[in-house]
Enquirer: 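My questions all concern the structure below.
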Amino acid sequence: MTIKTGDDYLASIKSLGLEAHVMGEKTDHLPEHGLVKPSQQAVALTFDGAHDPETRELFCVESDLCNDTINRFTHLHRSTDDLVNKVKMQRYCGIKTACCFQRCVGLDAANAIFSTTFECDQKHNTAYHQRFKDYWKWVQTEDLVVDGAMTDPKGDRGKRPKDQIDPDLYLRVKEHRNGGVVINGAKLHQTGMLNSHEILVMPTMAMRPGEETWAICCAIPTNTKGVRYIYGRQVSDTRKLETSGLDVGNPVYGGQEVMTVFEDVFVPAERIFMDGEIDFSGILVERFASYHRQSYGGCKVGVGDALIGATALIASMNGVGGASHIRDKIVEMIHLNETLYSCGIACSATGEQTPAGNYQVNLLLANVCKLNVTRFPYELARLATDVAGGLLGTMPSAADLADEVAGPYIKKYLAASPDGDVVDRIKVLRLIENLVAGAGSVGYLIESMHGAGPPMAQRIMIGRQANLEEKIARVKDLLGVN
Ligand code: SF4
């Protein structure tokens, strides 16, 4: 078995020959496409980390499943240390890329499916767990990227799946055939889908009696017949297509979101891990969501590190790096960011072993982590905007900077501290702009709000997990109240 390098990964994705609708055109040249390439570079970093002497130890781990060393991005956690190391690895990837590096959804889906199939088999005498182990062993051995596909379009939010006018608004089993099933529907907000080798389809919520059709969990290759991809737009994304890399803000990396349509897609039986067991659909959703809420305590913190670094740098380029009110704002940003990290570490360190043998995060603390993530990055973005100054929203373009008439004026009037170069100052401002209001804000802000579920989903879980009754009982005990 080989642990892929970033270049191996890029070659393997290219060989899949995926096609997508991108900005009104159907293209099969995705790896060369200016909108797609930065997102592939970000995923490639998750492979290179396993070869870099500085990070190899963090990224490489022994697998019980294939009895070999694998990339941690395909690992089934065997201890709380593994959970902690996952968060550390995500923080590293976050600061290196300053964007979403996309590979965590498959990792989180795998750990959730591993434990859920085990318990489902025990109750229903099904055979999903061994099937999933065989499948995931192959994923580990081939060092693949897997998209965890959960979010259905949901149509009329006031209606259940079976009451929708169009039953495909929740991805469903359309037909049971000899040797497998045919699925129809769509998954929205698919992070990194076009950079993945495989798709792990999961139900979007807890299903009820009569909704067995929508309780489906299965795997298909991304280049399966009947799967169609429609690329998502991001703020200022066409800056990625400009010849000068200056205005894009993040010159190397970027995120990717895709709408994915499944039209009469056949899934063979050996790739089905749930088919109608409604009592385990909610458990699977809850576990996947909690792992991904833990993930945010690493990846968003890493991106926050990049924003803090850029903010401190621009303050110093502006000549106010030593001002006490600036220092205080940067300390506030650090405090908020490290609070998120503390949550990511805490829900990992207090995780527990599941009956299947892998480790699950502490559900309460993972949800506290994500609820904080729905707020703190917005405050970090506000403070960065404050420190950076109004130029963040008014800077002339790179094309004007290159113009022989306008360029010298821009260089003259955008000069600040004599220690700093004008073009470097523009680069730093563009990175901050990217994260607080540009393409990077999709990953850093909107995804922080809605990825792995919106704030209300975390509040519901916190309410369920907090054991309020015990707290009341202890107060009664303390006070002698009946
Ligand atoms: Fe990974 Fe974060 Fe992107 Fe989710 S949002 S895939 S945890 S980098």
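Heavy atoms only: backbone and side chains are in, while hydrogens, waters and symmetry mates are out. Ligands are counted one by one from 1 in listed order, and the atoms in each one are counted from 1 as well. Nothing fancy with the numbering, it's 1 onward along the sequence.
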Enquirer: Quick one: look up the protein heavy atom nearest atom 3 (Fe) of ligand 1 and list residue, atom name and how far away it is.
Expert: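 For this ligand atom, the closest protein heavy atom is C100 SG, 2.3 Å.
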Enquirer: Examine R103 relative to F47 and say whether NZ or CZ is less than 6.0 Å from the centre of the six-membered ring and inside a 45° cone about the ring axis.
Expert: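 The answer is yes; both the distance and angle limits are met.
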Enquirer: Does D264 have any side-chain hydrogen bond (donor to acceptor under 3.5 Å, both in side chains) partners at least two apart in sequence or in another chain, and if so, which?
Expert: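 side-chain hydrogen bond (donor to acceptor under 3.5 Å, both in side chains) check on D264 returns K174.
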Enquirer: Show me which atoms of ligand 1 lie under 4.0 Å from any heavy atom of S295.
Expert: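 In order of numbering, the contacting atoms are 7 (S).
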Enquirer: Between Q234 and E257, what is the shortest heavy-atom contact and its length?
Expert: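 Taking every non-hydrogen atom into account, NE2-CG, 4.1 Å.
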Enquirer: Specify whether an N/O/S atom of C104 falls short of 2.8 Å from atom 3 (Fe) of ligand 1.
Expert: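 Within the cut-off used here (under 2.8 Å), C104 places no N, O or S atom near atom 3 (Fe) of ligand 1.
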Enquirer: Name all pairs fulfilling the salt bridge (Lys or Arg N to Asp or Glu O under 4.0 Å) condition that reach into residues 368-379, sequence neighbours left out, sorted by first residue then second.
Expert: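 The answer is E379-R382.
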Enquirer: Establish, yes or no, whether the cationic atom of R78 lies under 6.0 Å from the six-membered ring centre of Y359 and within 45° of the ring axis.
Expert: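 Checked: cation-pi criterion not met.
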Enquirer: Tell me, which protein residue and heavy-atom name are nearest atom 2 (Fe) of ligand 1, and how many Å apart are they?
Expert: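 Heavy-atom neighbour on the protein nearest atom 2 (Fe) of ligand 1: C299 SG, 2.3 Å.
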Enquirer: Output the atom name for the N/O/S atom of H292 with the smallest distance to atom 4 (Fe) of ligand 1.
Expert: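 Nearest to atom 4 (Fe) of ligand 1 within H292's N, O and S set: NE2.
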Enquirer: Could you list the atoms of ligand 1 found under 4.0 angstrom from a heavy atom of K300?
Expert: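 With K300 as reference, the close atoms of ligand 1 come out as 5 (S).
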Enquirer: Identify, for atom 5 (S) of ligand 1, the protein heavy atom at the shortest distance, and state residue, atom and that distance.
Expert: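 Atom 5 (S) of ligand 1 sits closest to the protein heavy atom E447 OE1, 2.9 Å.
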Enquirer: Using the benzene-type ring in the case of Trp, are the ring centres of F101 and Y253 under 6.0 Å apart?
Expert: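 F101 vs Y253: aromatic centres not under 6.0 Å.
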